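Working notes for the structure below.
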Amino acid sequence: MIVQGDLTGSYYSILMLGVIVIIMLRIRHMLLDIHRTRLGLLRFLTCHGKERWGPGARVKEWQRNAIRHLIAQRDTLDNDIWLMKNRRNNLEELKKEEQKKRSELELSEINARTLDDTEKSLFIKFEITLNKAKIEDLRNRIQQKDTSIHSMEQARDRAKKCLTSYSKGENPRLPVIRYIRGLFIDLR
């Protein structure tokens, strides 16, 4: 039979072992940074939160390449967003046309019912259901375009933030979660 006191003692020992391992990883990380700076290496943080070390000339080259890459990425994202918005607007116009067609079909169906033309009324009801399905499909496609436009705009904003930090000569900030993990675990 297991005694309750023995379990709590093992939990504390496992917890203390975990804390000791985390502290050792943090000390190792700090010692590696000190060693690299003694060798004359500089730190370069990429926009993706990765850390690279190299000589000063290489770091400047990495920054120039990162700036070129971010400018190209920003320009292509601007073009893609513009194209996507045009496609979305075209779909919106198609949806409005289909809605107008649906209202005309509903009026003609009402007229067919008043004239007691059941065959024509059934055919128009079939056309209305097809039209409803087409409008729903267009609505779904517009929603997909909206979500992709939103994600592309977020990517463009991230590229602009990184570009401004690189052009100022600074390193971009790491995302907070990765920065906190990087304090204890070497993410290189």
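This structure is a prediction, so every number in the text was calculated from the model and none was measured. Residue numbers count from 1 along this sequence.
When hydrophobic side chains of Ile, Leu, Val, Met, Phe, Trp and Tyr are connected at separations under 4.5 Å, Leu91 ends up clustered with Leu94, Leu138, Ile142. Residues Phe126 make up the rest of the hydrophobic cluster containing Leu130, defined by ILVMFWY side-chain heavy atoms closer than 4.5 Å, directly or through other members.
Screening Met30, Arg36, His35 against Asp33 for a side chain to side chain contact (heavy atoms under 4.5 Å, CB included) leaves a single residue, Arg36. None of Val21, Ile27, Leu25 except one satisfies the side chain to side chain contact (heavy atoms under 4.5 Å, CB included) rule with Ile23; the exception is Ile27.
Salt-bridge check for Glu104 with Lys100: failed, with every basic side-chain N at 4.0 Å or more from each acidic carboxylate O.
Applying the salt bridge (Lys or Arg N to Asp or Glu O under 4.0 Å) rule to Lys125 yields no partners; only residues at least two apart in sequence or on another chain are considered. Considering only residues two or more places apart in sequence or on other chains, Trp62 meets the ring pair (Phe, Tyr, Trp, His ring centres under 6.0 Å) condition with Phe44.
Put simply, Ile67 and Val59 are part of the same group of oily side chains (I, L, V, M, F, W, Y) that touch within less than 4.5 Å, one to the next. Connection of Leu39 to Trp53 is established within a shared hydrophobic cluster, with ILVMFWY side chains joined at heavy-atom distances below 4.5 Å, either directly or through further cluster members.
The minimum heavy-atom distance between Pro55 and Leu41, with the atom names listed, is N-CD2, 3.7 Å. Residue Leu105 comes nearest to Ile124 through the heavy atom pair O-CG2, 3.2 Å, listed as atom of the first residue, atom of the second, then distance. What you find for Gly56 and Leu42 is that their closest heavy atoms are CA-CD1, 3.5 Å.
By the 4.5 Å heavy-atom criterion applied to side chains, Gln154 and His150 are counted as neighbours. Contact of the Arg26 side chain with the His29 side chain is registered, since non-hydrogen atoms from C-beta on lie closer than 4.5 Å.
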- [ ] With side chain to side chain contact (heavy atoms under 4.5 Å, CB included) as the test, would you mind laying out the steps for Arg102 and Glu98 before giving the verdict?
- [x] CA-CA 6 Å; Arg102 180 173 146 195; Glu98 289 297 323; over 6 Å; no
Task: Intermediate values then yes/no, salt bridge (Lys or Arg N to Asp or Glu O under 4.0 Å), Glu97 and Lys134 - done: CA-CA 11 Å; Glu97 290 174 9; Lys134 197 180 285 186; over 6 Å; no
Open item on the list: If you apply the rule side chain to side chain contact (heavy atoms under 4.5 Å, CB included), what do you find for Glu127 with Asn131, and how did you get there?
Closed with: CA-CA 6 Å; Glu127 288 289 324; Asn131 193 284; over 6 Å; no
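Put simply, the side chain of Ser148 gets close to the backbone of Gln144: a donor and an acceptor are under 3.5 Å apart.
Sorted by first and then second residue, the salt bridge (charged side-chain N to carboxylate O under 4.0 Å, His left out) pairs involving residues 135-150 (not counting sequence neighbours) are Arg88-Asp146, Glu136-Arg139, Asp137-Arg141. Judged as a salt bridge (charged side-chain N to carboxylate O under 4.0 Å, His left out), the pairs with a partner in residues 57-84 (not counting sequence neighbours) are, in order, Asp78-Arg156.
Counting heavy-atom neighbours within 6.0 Å of Gln143 CD, excluding the residue itself, gives a total of 12 or less.
Distance check: Leu70 CG to Arg158 CZ gives 11.5 Å after rounding to the nearest 0.5 Å.
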